[in-house]
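Down below is the structure, laid out as structure tokens.
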Amino acid sequence: MSSRNYDHKKIEQNWRPKWFADNIYKAVDFSEKPKKYILAELPYPSGPYLHAGHMMRYTVPEIHSRFLRMKGYNVMFPMGWDCFGLPAETFAIKEGKTPQEVIAQAEKDFKVAMQRMGYAIDWDREVNTSKPDYYKWTQFMFLKLWEQGLAELREMPVWWCKELGVLADEEVLAGPNNTKVSERGGYPVERKMFKQWNLKITEYADKLLKGLDDTDYMDSVKLSQTNWIGKKEGARIDFEIEGIGKVPAFTTRPDTVFGVSFVAISPEHPLVSSIVQKATNASDLTAYIQKAATLSDLEKQQKEKTGVEAKGIVVKHPFTGNDIPLFIADYILADFGTGFIMGVPAHDDRDFEFASKYGLPIIKVIQTPNDFEGDLYDGDGEVINSQQYNGMNSADMRTKIISDLEQMGIGSKEVTYKLRDQIWARQRYWGEPIPLIHTQDGDIEADYNLPVVLPELKEFLPVDGQAPLTKVPEWVNTTDSKGRPAKREVDTMPTWAGSNWYFIRYIDPQNDDAFADYEKMKYWLPVDRYFGDGGHTTAHLMYSRFWVRALYEQGLIPTPEPFKWRMTGGLLLGEDGTKMSKSKPEYSVDPKDLLENYGADAARMVLAFLGPYSETFPWNSRSVVACYRVIRQIYEMFDKVSDTPASKTQLVAYNKLVKNTEYMYENLKVNTAISEIMIFVNASKDWDTVNSQVWNGFLRVIAPVVPFVAEELWQETHGYVSWDAVNSIHLQDFPTFDEALTLDDVIEVPVQINGKVRAKLSVNANATEEQVKEAAFANSNITKWLDGQEPKKVIYITGRILNIVV
RNA sequence: GGGCGGGUGGCGGAAUUGGUAGACGCGUCGGACUUAAAAUCCGAUGAGACUUAUACUCUCGUGAGGGUUCGAUUCCCUCUCCGCCCACCA
């Protein structure tokens with residue numbers, strides 16, 4: 001038994017207040033040390049307490065940040081609260097309180113939980129996105145974008161519910177008799193045109209694509225950004241609709257234009273109304289358009305493709321001059337390309353499906369490969385049935401026809417993107433007010449008197465589909481720059497707003513004159529490592545990059561790319577391997593129990609040990625016991641510390657430990673770093689004494705993982721009688737190692753014959769190739785297997801393996 | 001449908017990037033301690049064969065099949081299953 005007992009509560013209560021009172025994890029502006037900005041996505045307090053998923057997301061990045069501090073970096077590891085938006089609002093509704101009330105409480109509780117976990121956070125930099133001194137700058141930045149014409153009021157089709165306002169596609173369900181109802185409350189929902197603020201991120205599509213080259217994101221992250229932008233090169237081809245005019249179609253395959261057997265237009269296309277007027281079957285068309293308006297995007301794609309021909313409308317093929325039928329079809333998306341397509345059934349599967357259904361001609365214009373079966377071919381090949389282009393390769397024709405189209409003035413080279421502009425308005429209460437004013441002339445003015453403070457409301461739910469702020473006349477009614485009565489914008493910003501730039505506010509959180517000092521931003525940006533949720537790898541990352549780039553171009557931020565590097569964390573599953581969720585609390589891990597029964601160090605250790613950071617894996621309640629046990633064994637090791645010189649075995653074990661853990665902490669393989677610690681602890685059981693220098697280094701190796709225990713033992717080892725921050729183990733250097741001492745004196749070299757291990761030799765670590773071969777051929781099992789045969793070849797990989805080929 | 005990951009013991013996962021597959025941990029089995037249990041500590045533990053048994057030794061083994069190589073969990077091809085994200089994107 002150890003003379004000291006591991007009492008996690010006592011230790012934690014002893015050191016925690018000292019660390020945070022002296023802010024030992026302070027990130028120093030303009031320090032001469034090289035900086036490392038380590039960022040983990042800030043939580044949104046949507047529940048009463050930090051949950052196990054949060055702990056998963058923060059523990060490994062935090063261990064990494066501690067390691068870097070011990071390697072001599074000036075580390076910033078900040079934390080804040082993303083408070084605006086639906087999660088907090090929903091939480092407030094559930095609690096029967098206002099968002100302000102639940103946020104104030106959750107912020108406190110979350111902070112306490114993080115401090116209990118011992119997270120090495122510089123709390124002087126804490127931010128809360130819903131505080132006026134923060135969102136003042138969110139509003140400021142928005143106005144900067146608005147000044148540049150990047151924010152625009154735009155009319156667009158939305159799901160509209162009288163009770164709830166605008167709803168997202170997934171919030172709308174099918175009701176009885178082809179009606180639509182809201183997911184929450186079951187209120188009737190209709191499709192309606194609605195004016196909303198949009199941010200023109202699409203203007204930055206190319207820059208955001210190219211900007212990826214300046215980052216070291218993991219390939220999977222870069223790829224998801226690239227796919228989200230979805231750059232497509234193709235052509236615009238104009239089709240003449242008689243009596244209406246030229247309508248452009250976008251296609252990536254202009255080489256198939258001679259295969260066009262119909263054209264189709266989205267029911268939401270602006271020209272549809274004039275088409276209906278001119279058509280001879282207007283009532284059929286109107287009925288179809290109305291029906292299409294009630295379908296959600298999901299329903300449209302699940303059902304068979306449909307459309308109605310606009311009879312009496314003449315469309316001429318731009319090359320052949322033939323008449324081609326025009327359809328209104330809801331598989332044509334209004335917001336991709338031009339909302340109008342040329343139908344080439346022979347070479348596009350969607351057009352094929354549509355043409356088959358309506359008996360339209362399928363004109364083959366590209367020769368299919370010999371071994372190809374079927375009517376639909378979307379590859380390249382020899383061009384046929386295409387007049388002067390016959391015989392060309394379709395890939396060459398694409399280039400040729402684009403220049404021909406340009407000469408003829410009926411088309412051009414065109415690039416299109418999948419990326420959509422961002423809807424920047426919610427008809428909700430709990431968000432940043434958009435700091436704009438509508439004048440009585442219908443103009444829009446900025447309100448530079450920031451912050452435009454969100455009024456405190458007891459009743460904050462939308463009523464009659466109106467944004468809640470509409471009901472606060474004393475807030476809405478204001479005056480414009482000329483002193484005339486005017487009205488404030490009542491929509492608020494979406495959840496993305498605050499999280500677009502929170503990492504910049506950490507740099508200078510108290511600044512009243514700017515969102516952050518430019519020189520400080522120059523010192524800290526870009527973020528060196530950004531850890532976060534897989535679900536945020538596309539949208540959040542993209543929007544934040546856009547926001548920063550747009551402000552960079554105005555000279556307000558020194559770097560075009562906010563994040564140098566990005567890694568996605570996995571999820572913690574329940575013990576039975578199922579996803580943890582609120583509906584299945586029996587499988588979830590209660591952080592309070594964990595901290596109470598095993599302490600922060602064991603909790604940290606087990607969360608980092610169960611698996612690699614980027615993977616999803618199940619919780620194991622036995623593993624936390626194992627980690628707790630290791631900590632106790634470390635205490636027992638302390639009893640053996642003496643000045644007795646370390647044995648060679650001990651020195652090798654120690655130097656290996658330092659070497660391996662250094663590599664693993666650096667490369668975020670904390671699960672295996674903990675294995676190395678366990679190996680060392682196990683080995684120490686065979687030693688009568690542990691040399692004090694070795695012990696000293698060992699404590700510094702474990703400090704990033706188990707900060708409380710490490711501090712306790714470090715302070716006791718050094719006999720410090722009173723607390724002084726400079727003596728904290730967490731401000732010491734990570735130990736160094738001696739490469740020569742990472743090797744054992746005697747190593748085992750396996751000997752293979754034709755790739756199969758037939759013997760294992762114990763040889764001196766610095767044995768020469770000749771000595772190893774000699775030993776191998778002297779081995780009885782080897783001679784037995786060789787059976788007198790002459791080796792054809794002998795391959796020796798130094799210190800690793802000897803392979804004899806016969 | 002598209003994209004991205006992944007498939008290794010009973011389980012979570014290792015494998016220095018082409019060099020002894022299964023580190024470390026859980027579980028299981030055996031032992032110590034205990035009146036007993038829990039806790040703790042020590043040992044064994046991929047499957048199979050040979051052997052009375054141990055040791056020795058051998059065979060098979062990283063989703064399936066094939067290939068490259070002295071040597072493949074790792075590289076290449078075909079197939080298959082699972083997870084995540086996006087999804088009528090012209």
Using a 6.0 Å distance limit plus a 45 degree cone around the ring axis, check whether R566(A) lies over the aromatic ring of Y530(A).
yes

With P as the reference atom in both, quote the distance from rA23(B) to rG13(B) in angstrom, rounded to an integer.
15 Å

Expressed as a whole number of Å, how far does the P atom of rG66(B) sit from that of rC60(B)?
14 Å

Determine: side-chain N/O of K756(A) to OP1/OP2 of rA21(B), distance under 4.0 Å, yes or no.
no

Nucleotide-level pairing of RNA chain B, given in dot-bracket where Watson-Crick and G-U pairs need both distances under 3.5 Å and | marks other strands:
(((((((..(((......[....)))((((((.......))))))((((.......))))..(((((..]....))))))))))))....

Is any side-chain N or O of N671(A) closer than 4.0 Å to OP1 or OP2 of rA14(B)?
yes

Could you grab the distance from atom CG of L541(A) to atom CD of E41(A), nearest 0.5 Å is fine?
8.5 Å

Taking the six-membered ring for Trp, are F698(A) and Y654(A) ring centroids under 6.0 Å apart?
no

Regarding Y288(A) and D330(A), is there a side-chain donor-to-acceptor distance under 3.5 Å anywhere?
yes

Nearest 0.5 Å, what's the OH-CD distance between Y796(A) and E770(A)?
11.0 Å

Among rA23(B), rC70(B), rG3(B), the nucleotide that comes nearest once only the side chain of K793(A) is considered:
rC70(B)

Under 4.0 Å between a Lys/Arg side-chain N and an Asp/Glu carboxylate O for E353(A) and K305(A)?
yes

Distance check, P atoms only: rA55(B) and rG6(B), in whole angstrom units.
39 Å

At under 4.0 Å, does any side-chain N or O of K685(A) touch on OP1 or OP2 of rC42(B)?
yes

With P as the reference atom in both, quote the distance from rG65(B) to rU80(B) in angstrom, rounded to an integer.
15 Å

With under 30° as parallel and over 60° as perpendicular, where do the rings of H536(A) and H540(A) fit, or are they tilted in between?
perpendicular

What form does the base of rG7(B) take, syn (within 90° of 0) or anti?
anti

Phosphate OP1/OP2 of rU40(B) contacted by Q633(A) side-chain N/O (<4.0 Å)
no

Tell me the interatomic distance from E739(A), atom CD, to rU16(B), atom P, rounded to whole angstroms.
17 Å

Using 0.5 Å steps for rounding, measure from the CG atom of L419(A) to the CH2 atom of W228(A).
8.0 Å

Separation of rU40(B) atom C1' from R632(A) atom CZ, nearest Å, is 7 Å

Just how far, in rounded Å, is P of rA15(B) from CE of M664(A)?
7 Å

If each of T416(A) and P618(A) is mapped to the nucleotide of RNA chain B with the nearest heavy atom, which maps nearer the 5' terminus, i.e. the 5' end?
P618(A)

How many Å lie between CD1 on I797(A) and P on rU17(B), as a whole number?
13 Å

Heavy atoms from C-beta onward define the side chain here; which of rC4(B), rU40(B), rU20(B) lies closest to that of P750(A)?
rU20(B)

Respond yes when some side-chain nitrogen or oxygen of N620(A) is under 4.0 Å from OP1 or OP2 of rG27(B), and no when none is.
no

Under 3.5 Å, N/O pairs linking protein and nucleotides 55-58 of chain B:
| unit_1 | atom_1 | unit_2 | atom_2 | d |
| --- | --- | --- | --- | --- |
| rC58(B) | OP1 | R758(A) | NH1 | 3.4 |
| rC58(B) | OP1 | W785(A) | NE1 | 3.2 |

rC75(B) and rG2(B): how far apart are their P atoms, nearest whole angstrom?
24 Å

Under 4.0 Å between a side-chain N or O of R622(A) and OP1 or OP2 of rG25(B)?
no

Do E596(A) and K9(A) sit within salt-bridge range, that is, some charged N less than 4.0 Å from a carboxylate O?
yes

At less than 4.0 Å, is any side-chain N or O atom of K760(A) found next to OP1 or OP2 of rU20(B)? Yes or no.
no

Please find out if less than 6.0 Å separates the ring center of W619(A) from that of F609(A).
no

Given RNA chain B, 5'-ward residue of the pair N803(A) and E748(A), judged by closest heavy atom
E748(A)

Using the six-membered ring wherever Trp is involved, compare the ring planes of F354(A) and Y331(A) and label them parallel, tilted or perpendicular (cut-offs 30° and 60°).
tilted

Taking the P atom of each, how far is rC84(B) from rC29(B), in whole Å?
35 Å

Residue R800(A), side-chain heavy atoms: nucleotide from rG25(B), rU16(B), rA23(B) that is nearest:
rU16(B)

